[in-house]
Amino acid sequence: QVQLVESGGASAQAGGSLRLSCAPSQFTVSRGTMAWFRQTPGKNREGVAAITSEGRTTFYADSVKGRFTISLDNVQNTLYLQMNMLKPDDTAVYYCAATLRLVTPREALGDPYYSYWGQGTQVTVSS
């Protein structure tokens with residue numbers, strides 16, 4: 001059974017940085033597509049960033065472009081999200097997601113296209 005375990009969520013000041021990690025079991029990060037989503041109370045889950053194993057194509061939400069970087073470490077079998085220049089609007093529960101498919105650009109930040117999900121890790125950014 002595939003399990004995705006996130007870590008790295010914490011409280012930070014605006015302008016600061018955090019790095020989230022996602023360590024899957026029974027899933028190899030070098031296959032398919034992996035992504036980060038986030039959700040705040042009362043809002044729909046939002047796609048933040050995605051990365052495909054083939055060619056390492058990346059996709060980012062406009063709200064995080066230039067500030068967040070998604071990456072894979074095949075040796076550690078881990079997905080990362082480096083978050084810089086944090087803003088209070090980045091406050092959310094962040095979820096790791098994965099699929100064995102290579103998603104299209106249209107699908108990359110859409111949650112229906114992912115089969116596996118982590119439990120989430122809280123990121124809180126204060127001004």
Side-chain angles (χ1 to χ4, degrees):
Q1 183 177 354
V2 173
Q3 289 187 326
L4 307 178
V5 180
E6 303 97 337
S7 61
S11 296
Q13 294 287 323
S17 299
L18 287 173
R19 189 176 77 161
L20 304 183
S21 301
C22 173
S25 61
Q26 305 300 319
F27 187 93
T28 304
V29 299
S30 59
R31 301 178 63 189
T33 307
M34 297 193 74
W36 289 97
F37 288 76
R38 66 187 181 186
Q39 189 170 25
T40 54
K43 292 188 177 180
N44 291 332
R45 193 157 49 189
E46 171 193 21
V48 175
I51 184 168
T52 62
S53 59
E54 185 181 43
R56 297 293 181 92
T57 305
T58 56
F59 308 89
Y60 293 96
D62 288 342
S63 58
V64 306
K65 279 181 183 175
R67 301 188 299 120
F68 291 9
T69 303
I70 189 170
S71 62
L72 293 172
D73 184 329
N74 288 346
V75 175
Q76 298 295 326
N77 197 45
T78 301
L79 173 73
Y80 297 103
L81 183 68
Q82 178 66 43
M83 305 186 294
N84 298 329
M85 296 182 286
L86 285 164
K87 303 175 180 180
D89 284 349
D90 295 321
T91 296
V93 177
Y94 283 72
Y95 297 91
C96 172
T99 175
L100 290 171
R101 296 176 56 246
L102 294 175
V103 300
T104 66
R106 184 183 67 83
E107 298 170 337
L109 299 181
D111 55 7
Y113 303 102
Y114 291 86
S115 304
Y116 308 107
W117 293 86
Q119 294 299 307
T121 186
Q122 177 71 47
V123 171
T124 303
V125 183
S126 56
S127 57

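These numbers were taken from a predicted model, which means no experiment stands behind them.
A cation-pi contact, defined as under 6.0 Å to the ring centre and within 45° of the axis, is absent between Arg101 and Tyr113.
Atom OH of residue Tyr116 and atom CD of residue Gln1 lie 9.5 Å apart, to the nearest 0.5 angstrom. A distance of 13.5 Å separates NZ in Lys87 from OG in Ser127, rounded to the nearest 0.5 Å. Rounding to the nearest 0.5 angstrom, the gap separating the CG atom in Leu20 from the OG atom in Ser7 is 8.0 Å. Going from atom CD1 of Ile70 over to atom CZ of Phe59 covers 10.0 Å, rounded to the nearest 0.5 Å. Atoms CD1 and OH, on Ile51 and Tyr80 in that order, are 12.5 Å from each other to the nearest 0.5 Å. Note: Leu86 CG to Ser11 OG = 11.0 Å, rounded to the nearest 0.5 Å.
Shortest non-hydrogen contact noted between Leu102 and Gly32 is CD2-O, 3.4 Å. Residue Leu4 comes nearest to Pro24 through the heavy atom pair CD2-CB, 3.4 Å, listed as atom of the first residue, atom of the second, then distance. Closest of all the heavy-atom pairs between Ala35 and Ala108 is CB-O, 4.5 Å. Met85 approaches Arg67 most closely through the heavy-atom pair O-NH1, 2.9 Å. The two residues Gln39 and Asn44 have their closest heavy-atom pair at NE2-C, 4.0 Å.
Tyr114 and Phe37 have perpendicular rings, their planes meeting at more than 60° on a 0 to 90° scale where under 30° would count as parallel.
Dense packing is recorded around CG of Asn74, with more than 12 heavy atoms of other residues, nucleotides or ligands lying under 6.0 Å away. The neighbour count for Gln119 CD, taken as heavy atoms of other residues, nucleotides or ligands under 6.0 Å away, does not exceed 12.
The closest side-chain heavy-atom distance from Gln13 to Ser126 is below 4.5 Å. Side-chain atoms of Leu18 and Asp90, non-hydrogen and from C-beta on, never get closer than 4.5 Å to each other. A heavy-atom distance below 4.5 Å is found between the side chains of Tyr60 and Thr69. Using a 4.5 Å heavy-atom cutoff, the side chains of Trp36 and Leu79 are in contact. Residues Arg38 and Leu81 fail the side-chain proximity criterion, which asks for heavy atoms closer than 4.5 Å. With a 4.5 Å cut-off on side-chain heavy atoms, Leu72 and Ser30 do not count as touching. Residues Leu100 and Ser115 have side chains not in contact (no heavy-atom distance under 4.5 Å, counting atoms from C-beta outward). Using a 4.5 Å cut-off on side-chain heavy atoms (C-beta onward), Ser63 and Glu46 make contact.
Residues in residues 57-99 take part in these disulfide (SG to SG under 2.5 Å) pairs, two or more places apart or across chains: Cys22-Cys96.
Two different hydrophobic clusters hold Tyr95 and Val29 under the rule that ILVMFWY side chains link at heavy-atom gaps under 4.5 Å. Note on Val125: it clusters hydrophobically with Met83, by side-chain heavy-atom contacts below 4.5 Å among ILVMFWY residues.
Although no hydrogens or angles enter the test, the distance criterion places no donor-acceptor pair under 3.5 Å between the side chain of Thr28 and the main chain of Arg31. The backbone N or O of Ser17 sits nowhere less than 3.5 Å from a side-chain atom of Asn84 that would complete a donor-acceptor pair. Side chain of Thr52 to backbone of Thr57: a donor-acceptor contact under 3.5 angstrom is found. A donor-acceptor contact shorter than 3.5 Å is absent between the side chain of Asn77 and the backbone of Ser25. A donor-acceptor contact shorter than 3.5 Å links the side chain of Glu6 to the backbone of Gly120. A distance-only check finds no donor-acceptor pair linking the side chain of Thr121 to the backbone of Tyr94 [under 3.5 Å].
With respect to the salt-bridge test (charged N to carboxylate O, under 4.0 angstrom), the residues Lys65 and Asp62 qualify.
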